[in-house]
Amino acid sequence: MAAARTDWSPASWREFPAGQQPDWPDAGALDQALKQISALPPLVFAGEARSLQHELGRVASGNAFLLQAGDCAESFEDFSADLIREKLRVILQMAVVLTYSAGVPIVKVGRIAGQFAKPRSSPTEKVGEADIPSFRGYIVNDPTTTEAARQPDPQRLVQAYHQSASTLNLLRAFTKGGFADLSRVHAWTQEFVSSSPEGQRYQSLANEIDRALAFMRACGVDTESNPNLSEVDVFTSHEALILGYEEALTRVDTLTGAWVDCSAHMLWIGERTRELAGAHIEFLRGVANPVGCKLGPTSTVEETLEICEALNPSRIPGKLTLITRMGADAIEEVLPPLLRAVRESGHPVVWACDPMHGNTFTAPSGRKTRHFDDVVREIGGFVRTHRAEGTWPGGLHVELTGEDVTECLGGGDQLADADLDHRYETVCDPRLNARQSVDLAFHVAELLRDFT
Ligand code: PEP
Ligand code: CO
(Lines give C-alpha, C1' and ligand atoms only; values in the text may rest on other atoms or scores of the structure.)
(Ligands and ions follow the chains in the order given, each with its own letter.)
Protein backbone atom coordinates (compact mmCIF):
# COMPACT_ATOMS: atom_id res chain seq x y z
CA MET A 1 0.00 0.00 0.00
CA ALA A 2 1.10 3.55 -0.69
CA ALA A 3 1.75 5.84 2.26
CA ALA A 4 -1.43 7.55 3.44
CA ARG A 5 -1.88 10.95 1.88
CA THR A 6 -3.63 13.71 3.70
CA ASP A 7 -3.65 17.42 2.99
CA TRP A 8 -2.82 18.40 -0.53
CA SER A 9 -1.30 21.65 -1.74
CA PRO A 10 0.37 22.53 -5.06
CA ALA A 11 3.70 22.03 -3.23
CA SER A 12 2.87 18.85 -1.27
CA TRP A 13 4.59 16.72 -3.94
CA ARG A 14 7.87 18.04 -2.52
CA GLU A 15 7.45 15.68 0.46
CA PHE A 16 7.50 12.62 -1.84
CA PRO A 17 10.26 11.03 -3.91
CA ALA A 18 10.19 12.58 -7.38
CA GLY A 19 11.70 10.57 -10.22
CA GLN A 20 13.11 12.03 -13.43
CA GLN A 21 13.76 15.54 -12.08
CA PRO A 22 16.75 17.40 -13.54
CA ASP A 23 19.76 18.08 -11.40
CA TRP A 24 19.44 21.88 -11.52
CA PRO A 25 22.92 23.29 -10.82
CA ASP A 26 21.75 26.56 -9.25
CA ALA A 27 18.86 26.38 -6.78
CA GLY A 28 18.58 30.18 -6.62
CA ALA A 29 18.20 30.52 -10.38
CA LEU A 30 15.58 27.75 -10.40
CA ASP A 31 13.62 29.47 -7.67
CA GLN A 32 13.73 32.73 -9.51
CA ALA A 33 12.47 31.16 -12.78
CA LEU A 34 9.61 29.42 -10.99
CA LYS A 35 8.64 32.70 -9.24
CA GLN A 36 8.63 34.38 -12.63
CA ILE A 37 6.28 31.71 -14.05
CA SER A 38 3.93 31.83 -11.09
CA ALA A 39 3.37 35.52 -11.77
CA LEU A 40 2.50 34.92 -15.45
CA PRO A 41 -1.08 34.43 -16.70
CA PRO A 42 -2.56 30.93 -16.88
CA LEU A 43 -2.21 29.20 -20.27
CA VAL A 44 -5.64 27.56 -20.15
CA PHE A 45 -8.78 28.32 -18.19
CA ALA A 46 -10.39 26.16 -15.56
CA GLY A 47 -13.71 26.16 -17.44
CA GLU A 48 -12.00 24.66 -20.51
CA ALA A 49 -10.49 21.85 -18.44
CA ARG A 50 -13.97 21.23 -17.02
CA SER A 51 -15.48 20.96 -20.51
CA LEU A 52 -12.78 18.51 -21.54
CA GLN A 53 -13.59 16.43 -18.47
CA HIS A 54 -17.24 16.52 -19.42
CA GLU A 55 -16.41 15.33 -22.95
CA LEU A 56 -14.17 12.60 -21.57
CA GLY A 57 -17.10 11.55 -19.39
CA ARG A 58 -18.93 10.77 -22.65
CA VAL A 59 -15.92 8.71 -23.73
CA ALA A 60 -15.95 6.80 -20.42
CA SER A 61 -19.58 5.85 -20.99
CA GLY A 62 -18.89 4.62 -24.53
CA ASN A 63 -20.49 7.54 -26.35
CA ALA A 64 -17.41 9.24 -27.80
CA PHE A 65 -13.80 8.44 -28.72
CA LEU A 66 -10.61 10.22 -27.62
CA LEU A 67 -7.92 11.10 -30.17
CA GLN A 68 -4.79 12.30 -28.35
CA ALA A 69 -1.97 13.06 -30.76
CA GLY A 70 1.09 15.15 -31.42
CA ASP A 71 4.83 15.28 -31.02
CA CYS A 72 6.85 13.05 -28.77
CA ALA A 73 8.67 16.22 -27.73
CA GLU A 74 8.22 19.77 -28.99
CA SER A 75 11.33 21.66 -30.02
CA PHE A 76 12.55 25.20 -29.33
CA GLU A 77 14.32 25.15 -32.71
CA ASP A 78 11.76 23.63 -35.09
CA PHE A 79 8.96 25.96 -34.11
CA SER A 80 6.82 27.73 -36.67
CA ALA A 81 3.25 28.52 -37.66
CA ASP A 82 3.57 26.04 -40.53
CA LEU A 83 4.51 23.14 -38.29
CA ILE A 84 1.62 23.85 -35.91
CA ARG A 85 -0.83 24.16 -38.81
CA GLU A 86 0.34 20.92 -40.42
CA LYS A 87 0.02 19.03 -37.15
CA LEU A 88 -3.48 20.40 -36.67
CA ARG A 89 -4.42 19.41 -40.23
CA VAL A 90 -3.51 15.78 -39.59
CA ILE A 91 -5.43 15.72 -36.32
CA LEU A 92 -8.49 17.20 -38.08
CA GLN A 93 -8.17 14.70 -40.92
CA MET A 94 -7.90 11.75 -38.55
CA ALA A 95 -10.85 13.04 -36.53
CA VAL A 96 -13.03 13.44 -39.61
CA VAL A 97 -12.19 9.93 -40.82
CA LEU A 98 -13.04 8.52 -37.39
CA THR A 99 -16.25 10.52 -37.03
CA TYR A 100 -17.52 9.76 -40.50
CA SER A 101 -16.47 6.14 -40.77
CA ALA A 102 -16.97 5.00 -37.20
CA GLY A 103 -19.91 7.28 -36.45
CA VAL A 104 -18.72 8.47 -33.04
CA PRO A 105 -17.94 12.01 -31.83
CA ILE A 106 -14.19 12.52 -31.44
CA VAL A 107 -12.67 14.36 -28.49
CA LYS A 108 -9.48 15.95 -29.83
CA VAL A 109 -6.51 16.48 -27.52
CA GLY A 110 -3.06 17.52 -28.78
CA ARG A 111 0.27 16.51 -27.32
CA ILE A 112 1.05 20.15 -27.94
CA ALA A 113 1.67 23.57 -26.38
CA GLY A 114 3.70 22.20 -23.46
CA GLN A 115 4.93 18.70 -24.42
CA PHE A 116 8.60 19.45 -23.82
CA ALA A 117 9.93 17.31 -20.98
CA LYS A 118 11.24 13.77 -21.53
CA PRO A 119 11.82 11.01 -19.00
CA ARG A 120 15.05 9.12 -19.69
CA SER A 121 16.09 5.56 -18.98
CA SER A 122 19.57 6.73 -17.98
CA PRO A 123 20.56 10.09 -16.40
CA THR A 124 23.75 10.15 -18.46
CA GLU A 125 24.80 9.34 -22.00
CA LYS A 126 28.19 8.19 -23.24
CA VAL A 127 29.73 10.50 -25.84
CA GLY A 128 33.18 9.29 -26.84
CA GLU A 129 34.94 8.67 -23.54
CA ALA A 130 32.80 11.09 -21.54
CA ASP A 131 29.55 10.64 -19.64
CA ILE A 132 27.39 13.72 -20.13
CA PRO A 133 23.89 14.42 -18.75
CA SER A 134 21.10 12.99 -20.94
CA PHE A 135 18.90 15.30 -22.98
CA ARG A 136 15.67 15.80 -20.99
CA GLY A 137 13.72 17.92 -23.48
CA TYR A 138 14.08 21.57 -24.45
CA ILE A 139 12.38 22.67 -21.22
CA VAL A 140 15.50 21.43 -19.37
CA ASN A 141 18.60 21.38 -21.58
CA ASP A 142 19.91 21.45 -25.15
CA PRO A 143 20.31 18.28 -27.28
CA THR A 144 23.84 19.19 -28.48
CA THR A 145 26.21 16.51 -27.23
CA THR A 146 28.46 18.59 -25.00
CA GLU A 147 28.65 18.77 -21.23
CA ALA A 148 27.86 22.52 -21.31
CA ALA A 149 24.79 22.18 -23.56
CA ARG A 150 23.38 19.46 -21.31
CA GLN A 151 23.50 21.56 -18.14
CA PRO A 152 19.89 22.12 -17.00
CA ASP A 153 19.01 25.80 -17.42
CA PRO A 154 15.96 27.09 -15.49
CA GLN A 155 15.38 29.93 -17.95
CA ARG A 156 14.24 27.18 -20.33
CA LEU A 157 11.18 26.73 -18.11
CA VAL A 158 10.25 30.34 -18.86
CA GLN A 159 10.90 29.87 -22.56
CA ALA A 160 8.71 26.75 -22.60
CA TYR A 161 5.90 28.78 -21.05
CA HIS A 162 6.18 31.47 -23.73
CA GLN A 163 6.37 28.98 -26.59
CA SER A 164 3.32 27.18 -25.19
CA ALA A 165 1.46 30.51 -25.07
CA SER A 166 2.17 31.33 -28.70
CA THR A 167 1.37 27.78 -29.86
CA LEU A 168 -1.95 27.93 -28.02
CA ASN A 169 -2.71 31.32 -29.47
CA LEU A 170 -2.33 29.97 -32.99
CA LEU A 171 -4.27 26.79 -32.20
CA ARG A 172 -7.16 28.87 -30.91
CA ALA A 173 -7.07 31.00 -34.06
CA PHE A 174 -7.00 27.98 -36.37
CA THR A 175 -9.74 26.06 -34.57
CA LYS A 176 -12.14 28.97 -34.10
CA GLY A 177 -11.26 31.25 -37.00
CA GLY A 178 -12.38 29.35 -40.11
CA PHE A 179 -9.52 26.91 -40.79
CA ALA A 180 -11.36 24.03 -39.10
CA ASP A 181 -14.66 24.73 -40.91
CA LEU A 182 -16.00 21.39 -42.18
CA SER A 183 -16.62 22.95 -45.60
CA ARG A 184 -12.81 23.10 -45.88
CA VAL A 185 -12.44 19.36 -45.33
CA HIS A 186 -10.65 19.06 -48.70
CA ALA A 187 -8.16 21.77 -47.80
CA TRP A 188 -6.87 19.88 -44.76
CA THR A 189 -5.07 17.40 -46.95
CA GLN A 190 -1.55 18.10 -48.12
CA GLU A 191 -0.15 17.41 -51.53
CA PHE A 192 2.11 14.56 -50.45
CA VAL A 193 -0.87 12.94 -48.76
CA SER A 194 -3.47 13.47 -51.49
CA SER A 195 -1.36 11.69 -54.11
CA SER A 196 -1.20 8.49 -52.01
CA PRO A 197 -3.85 5.71 -51.84
CA GLU A 198 -4.83 6.71 -48.29
CA GLY A 199 -5.02 10.33 -49.47
CA GLN A 200 -7.37 9.32 -52.26
CA ARG A 201 -9.47 7.40 -49.80
CA TYR A 202 -9.59 10.57 -47.71
CA GLN A 203 -10.61 12.65 -50.75
CA SER A 204 -13.55 10.41 -51.52
CA LEU A 205 -14.67 10.61 -47.89
CA ALA A 206 -14.34 14.41 -48.10
CA ASN A 207 -16.52 14.35 -51.26
CA GLU A 208 -19.19 12.48 -49.34
CA ILE A 209 -19.05 15.07 -46.56
CA ASP A 210 -19.42 17.82 -49.16
CA ARG A 211 -22.49 16.12 -50.53
CA ALA A 212 -23.94 15.70 -47.04
CA LEU A 213 -23.40 19.41 -46.34
CA ALA A 214 -25.05 20.35 -49.64
CA PHE A 215 -27.96 18.08 -48.75
CA MET A 216 -28.33 19.78 -45.36
CA ARG A 217 -28.26 23.22 -46.97
CA ALA A 218 -30.88 22.14 -49.49
CA CYS A 219 -33.04 21.06 -46.55
CA GLY A 220 -32.77 24.57 -45.14
CA VAL A 221 -30.10 23.89 -42.47
CA ASP A 222 -27.75 26.84 -42.09
CA THR A 223 -24.39 25.08 -42.33
CA GLU A 224 -22.37 28.27 -42.61
CA SER A 225 -22.92 29.86 -39.22
CA ASN A 226 -23.34 26.67 -37.19
CA PRO A 227 -20.43 26.44 -34.76
CA ASN A 228 -20.82 22.64 -34.65
CA LEU A 229 -19.65 22.62 -38.25
CA SER A 230 -17.43 25.68 -38.44
CA GLU A 231 -15.36 25.36 -35.26
CA VAL A 232 -13.68 22.57 -33.32
CA ASP A 233 -12.28 22.20 -29.83
CA VAL A 234 -8.71 20.99 -29.73
CA PHE A 235 -7.56 20.66 -26.13
CA THR A 236 -3.93 20.60 -25.00
CA SER A 237 -2.03 18.02 -22.96
CA HIS A 238 1.45 16.98 -21.93
CA GLU A 239 3.26 14.68 -19.53
CA ALA A 240 3.37 16.42 -16.14
CA LEU A 241 7.02 15.61 -15.55
CA ILE A 242 8.82 18.70 -14.25
CA LEU A 243 6.75 19.26 -11.16
CA GLY A 244 8.13 22.70 -10.23
CA TYR A 245 6.86 24.04 -13.56
CA GLU A 246 3.43 22.45 -13.06
CA GLU A 247 3.22 23.81 -9.51
CA ALA A 248 4.02 27.33 -10.72
CA LEU A 249 1.08 27.20 -13.13
CA THR A 250 -1.40 25.74 -10.65
CA ARG A 251 -4.03 28.31 -9.74
CA VAL A 252 -7.31 28.47 -7.83
CA ASP A 253 -10.42 28.38 -9.98
CA THR A 254 -12.38 31.36 -8.68
CA LEU A 255 -15.67 29.71 -9.66
CA THR A 256 -15.24 26.43 -7.78
CA GLY A 257 -12.35 27.10 -5.40
CA ALA A 258 -10.53 24.05 -6.83
CA TRP A 259 -6.85 23.98 -7.82
CA VAL A 260 -6.32 23.69 -11.56
CA ASP A 261 -3.01 23.11 -13.34
CA CYS A 262 -3.32 25.83 -15.96
CA SER A 263 -0.32 24.64 -18.03
CA ALA A 264 -2.65 22.43 -20.13
CA HIS A 265 -6.19 21.08 -20.14
CA MET A 266 -5.09 17.51 -19.47
CA LEU A 267 -1.91 16.18 -17.84
CA TRP A 268 -0.63 12.65 -17.70
CA ILE A 269 1.82 10.59 -15.68
CA GLY A 270 4.34 8.60 -17.72
CA GLU A 271 5.33 4.96 -17.48
CA ARG A 272 8.50 5.81 -15.53
CA THR A 273 6.89 8.02 -12.88
CA ARG A 274 3.68 6.22 -11.93
CA GLU A 275 4.94 5.21 -8.48
CA LEU A 276 2.08 5.06 -6.05
CA ALA A 277 4.16 6.56 -3.26
CA GLY A 278 5.80 9.09 -5.57
CA ALA A 279 5.57 12.82 -6.17
CA HIS A 280 3.86 12.69 -9.56
CA ILE A 281 0.79 10.89 -8.27
CA GLU A 282 0.79 13.19 -5.26
CA PHE A 283 0.76 16.26 -7.48
CA LEU A 284 -1.88 15.11 -9.96
CA ARG A 285 -4.26 13.75 -7.33
CA GLY A 286 -4.91 17.32 -6.18
CA VAL A 287 -5.63 19.17 -9.41
CA ALA A 288 -9.11 19.38 -10.86
CA ASN A 289 -7.96 18.75 -14.46
CA PRO A 290 -8.71 15.51 -16.24
CA VAL A 291 -5.58 13.37 -15.85
CA GLY A 292 -4.05 10.36 -17.54
CA CYS A 293 -1.72 7.60 -16.43
CA LYS A 294 0.32 5.33 -18.69
CA LEU A 295 0.14 1.61 -17.96
CA GLY A 296 2.99 -0.51 -19.30
CA PRO A 297 3.38 -4.29 -19.59
CA THR A 298 4.39 -4.74 -15.94
CA SER A 299 1.17 -3.16 -14.62
CA THR A 300 -0.73 -5.24 -12.10
CA VAL A 301 -4.36 -5.32 -11.07
CA GLU A 302 -3.57 -4.12 -7.56
CA GLU A 303 -1.47 -1.21 -8.80
CA THR A 304 -4.07 -0.18 -11.37
CA LEU A 305 -6.86 -0.14 -8.79
CA GLU A 306 -4.72 1.88 -6.40
CA ILE A 307 -3.99 4.38 -9.18
CA CYS A 308 -7.74 4.72 -9.79
CA GLU A 309 -8.37 5.31 -6.08
CA ALA A 310 -5.50 7.81 -5.79
CA LEU A 311 -6.30 9.85 -8.89
CA ASN A 312 -10.08 9.64 -8.93
CA PRO A 313 -11.36 8.79 -5.44
CA SER A 314 -14.71 10.48 -6.14
CA ARG A 315 -15.16 8.38 -9.27
CA ILE A 316 -15.94 11.28 -11.57
CA PRO A 317 -16.50 10.09 -15.16
CA GLY A 318 -13.89 11.59 -17.49
CA LYS A 319 -11.50 12.49 -14.68
CA LEU A 320 -9.12 9.56 -15.30
CA THR A 321 -7.81 8.14 -18.56
CA LEU A 322 -5.73 4.97 -18.38
CA ILE A 323 -3.39 4.88 -21.36
CA THR A 324 -2.16 1.35 -22.02
CA ARG A 325 1.20 0.94 -23.82
CA MET A 326 1.87 -2.73 -23.51
CA GLY A 327 3.45 -3.59 -26.86
CA ALA A 328 1.70 -5.56 -29.60
CA ASP A 329 2.92 -8.92 -28.27
CA ALA A 330 1.92 -8.35 -24.64
CA ILE A 331 -1.38 -6.50 -24.77
CA GLU A 332 -3.76 -9.43 -25.07
CA GLU A 333 -2.14 -11.11 -22.11
CA VAL A 334 -1.72 -8.14 -19.76
CA LEU A 335 -4.85 -6.10 -20.44
CA PRO A 336 -7.77 -8.53 -19.76
CA PRO A 337 -7.36 -8.81 -15.96
CA LEU A 338 -6.95 -5.02 -15.70
CA LEU A 339 -10.15 -4.37 -17.66
CA ARG A 340 -12.04 -6.90 -15.57
CA ALA A 341 -10.81 -5.52 -12.26
CA VAL A 342 -11.48 -1.88 -13.11
CA ARG A 343 -14.93 -2.74 -14.46
CA GLU A 344 -15.77 -4.70 -11.31
CA SER A 345 -14.51 -1.86 -9.10
CA GLY A 346 -16.97 0.51 -10.78
CA HIS A 347 -14.29 3.11 -11.64
CA PRO A 348 -15.52 5.10 -14.68
CA VAL A 349 -12.23 5.34 -16.58
CA VAL A 350 -11.45 6.17 -20.18
CA TRP A 351 -9.32 3.39 -21.69
CA ALA A 352 -6.96 4.69 -24.36
CA CYS A 353 -4.38 2.79 -26.42
CA ASP A 354 -0.88 4.17 -26.94
CA PRO A 355 0.37 1.76 -29.63
CA MET A 356 3.72 3.56 -29.95
CA HIS A 357 5.76 3.33 -26.76
CA GLY A 358 5.62 -0.45 -26.31
CA ASN A 359 6.76 -1.06 -29.88
CA THR A 360 9.98 0.93 -30.13
CA PHE A 361 13.16 -0.83 -31.26
CA THR A 362 16.53 0.01 -32.75
CA ALA A 363 16.79 -0.87 -36.45
CA PRO A 364 20.02 -2.37 -37.85
CA SER A 365 20.90 1.15 -39.10
CA GLY A 366 21.01 2.27 -35.47
CA ARG A 367 17.86 4.41 -35.77
CA LYS A 368 15.22 4.15 -33.07
CA THR A 369 11.99 3.27 -34.88
CA ARG A 370 8.56 1.63 -34.78
CA HIS A 371 6.81 -0.47 -37.40
CA PHE A 372 3.41 0.64 -38.64
CA ASP A 373 2.22 -2.98 -38.59
CA ASP A 374 3.05 -3.31 -34.87
CA VAL A 375 1.13 -0.10 -34.19
CA VAL A 376 -1.93 -1.48 -35.99
CA ARG A 377 -1.47 -4.88 -34.31
CA GLU A 378 -1.46 -3.37 -30.81
CA ILE A 379 -4.64 -1.41 -31.55
CA GLY A 380 -6.22 -4.60 -32.92
CA GLY A 381 -5.35 -6.42 -29.68
CA PHE A 382 -6.67 -3.50 -27.64
CA VAL A 383 -10.03 -3.49 -29.44
CA ARG A 384 -10.37 -7.30 -29.33
CA THR A 385 -9.66 -7.36 -25.59
CA HIS A 386 -12.26 -4.70 -24.92
CA ARG A 387 -14.81 -6.55 -26.98
CA ALA A 388 -14.17 -9.73 -24.99
CA GLU A 389 -14.54 -7.91 -21.67
CA GLY A 390 -17.55 -5.79 -22.64
CA THR A 391 -15.69 -2.50 -22.14
CA TRP A 392 -15.30 0.44 -24.53
CA PRO A 393 -11.94 0.92 -26.33
CA GLY A 394 -12.23 4.64 -25.75
CA GLY A 395 -9.22 6.27 -27.31
CA LEU A 396 -6.04 6.38 -29.29
CA HIS A 397 -2.84 8.11 -28.11
CA VAL A 398 -0.23 8.56 -30.86
CA GLU A 399 2.96 10.40 -31.73
CA LEU A 400 2.70 12.05 -35.13
CA THR A 401 3.70 15.02 -37.20
CA GLY A 402 2.14 16.74 -40.20
CA GLU A 403 5.45 16.52 -42.06
CA ASP A 404 6.59 13.96 -44.62
CA VAL A 405 9.19 12.51 -42.24
CA THR A 406 10.67 9.01 -42.38
CA GLU A 407 10.81 7.87 -38.76
CA CYS A 408 8.45 4.85 -38.55
CA LEU A 409 8.82 1.82 -40.83
CA GLY A 410 6.10 0.42 -43.08
CA GLY A 411 2.79 2.05 -43.92
CA GLY A 412 1.52 2.67 -47.44
CA ASP A 413 4.96 3.75 -48.61
CA GLN A 414 6.57 0.61 -47.18
CA LEU A 415 9.31 2.68 -45.54
CA ALA A 416 12.37 0.51 -44.97
CA ASP A 417 15.36 0.87 -42.66
CA ALA A 418 17.39 2.38 -45.51
CA ASP A 419 14.77 5.17 -45.90
CA LEU A 420 14.93 6.31 -42.28
CA ASP A 421 17.91 8.60 -42.83
CA HIS A 422 16.06 10.57 -45.49
CA ARG A 423 14.02 12.73 -43.09
CA TYR A 424 14.56 11.59 -39.53
CA GLU A 425 13.84 14.79 -37.61
CA THR A 426 12.29 13.90 -34.28
CA VAL A 427 13.64 15.41 -31.07
CA CYS A 428 12.96 12.13 -29.29
CA ASP A 429 10.78 9.17 -30.39
CA PRO A 430 9.90 8.23 -34.01
CA ARG A 431 6.57 9.71 -35.13
CA LEU A 432 4.04 8.65 -37.75
CA ASN A 433 4.12 10.95 -40.76
CA ALA A 434 0.94 12.52 -42.15
CA ARG A 435 0.22 9.66 -44.57
CA GLN A 436 0.77 6.96 -42.00
CA SER A 437 -1.48 8.90 -39.62
CA VAL A 438 -4.38 9.16 -42.07
CA ASP A 439 -3.90 5.50 -42.97
CA LEU A 440 -4.00 4.60 -39.27
CA ALA A 441 -7.24 6.56 -38.80
CA PHE A 442 -8.89 4.41 -41.50
CA HIS A 443 -7.67 1.23 -39.78
CA VAL A 444 -8.99 2.39 -36.41
CA ALA A 445 -12.31 3.50 -37.93
CA GLU A 446 -12.78 0.00 -39.37
CA LEU A 447 -12.00 -1.63 -36.05
CA LEU A 448 -14.47 0.65 -34.28
CA ARG A 449 -17.16 0.19 -36.89
CA ASP A 450 -16.94 -3.56 -36.43
CA PHE A 451 -17.06 -3.01 -32.68
CA THR A 452 -20.30 -1.04 -32.57
C1 PEP B 1 5.73 9.56 -24.09
O2 PEP B 1 4.48 9.54 -24.09
O3 PEP B 1 6.41 10.27 -24.83
C4 PEP B 1 6.43 8.62 -23.19
C5 PEP B 1 7.67 8.84 -22.78
O6 PEP B 1 5.68 7.55 -22.90
P7 PEP B 1 5.83 6.44 -21.73
O8 PEP B 1 5.82 7.21 -20.45
O9 PEP B 1 4.59 5.61 -21.93
O10 PEP B 1 7.08 5.68 -22.00
CO1 CO C 1 7.47 9.42 -26.90
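Order of listing sets the numbers, starting from 1, for every ligand and every atom in it. Here the structure is a predicted model, which is why all the values come from computation and not from measurement.
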ask   = Do ligand 1 and Glu239 have nitrogen or oxygen atoms that lie under 3.5 Å from each other?
value = no
query = Out of curiosity, is Met356 lining ligand 1, as in a heavy atom under 4.0 Å away?
reply = no
message = Need the ligand 1 atom indices (1-based, order shown) with element for anything under 4.0 Å from a heavy-atom of Gly270.
response = 8 (O)
inquiry  = If you round to 10 degrees, what value do you get for the angle at the Co ion (ligand 2) between Cys72 atom SG and His357 atom NE2?
reply    = 170°
task = Could you tell me whether some N/O pair between Glu399 and ligand 1 is separated by less than 3.5 angstrom?
result = yes
remark   = Which of Asp417, Thr406, Asp421, Thr362 passes side chain to side chain donor-acceptor pair (under 3.5 Å) with Arg367? Answer is Asp421
inquiry  = Suppose we call two aromatic rings close when their centres sit under 6.0 Å apart. Are Phe451 and Trp392 close by that rule?
reply    = yes
note = For Glu271, the atoms of ligand 1 under 4.0 Å from one of its heavy atoms are 7 (P), 8 (O), 9 (O), 10 (O)
query = Taking all non-hydrogen atoms of both residues, which atom of Ala363 and which atom of Leu420 are closest, and how far apart?
reply = CB-CD1, 4.4 Å
query = Going by the angle between their ring planes, with limits at 30° and 60°, are His443 and Phe372 parallel, tilted or perpendicular?
reply = perpendicular
ask   = Which is closest to atom 10 (O) of ligand 1 in terms of heavy atoms, Gln68, Arg325, Lys294?
value = Arg325
ask   = Can a salt bridge be assigned to the pair Asp439 and Arg201 using a cut-off of 4.0 Å between side-chain N and carboxylate O?
value = no
key: Centroid-centroid distance, Phe76 to Phe116, less than 6.0 Å   = yes
task = Please state whether the separation between the Co ion (ligand 2) and some N/O/S atom of Cys428 is under 2.8 Å?
result = no
query = If you look at every heavy atom in Arg58 and Pro105, which pair is closest and at what distance?
reply = NH2-CG, 3.8 Å
remark   = If you scan protein heavy atoms around atom 1 (C) of ligand 1, the nearest is His357 NE2, 3.0 Å
task = Classify the angle between the aromatic ring planes of Phe283 and Trp8 as parallel (below 30°), tilted (30 to 60°) or perpendicular (above 60°).
result = tilted
query = Closest to the Co ion (ligand 2), which N/O/S atom of Glu399 is it?
reply = OE2
key: the Co ion (ligand 2) - closest N/O/S atom in Asp429   = OD2
ask   = What atoms in ligand 1 come closer than 4.0 Å to a heavy atom of Arg111?
value = 1 (C), 2 (O), 3 (O)
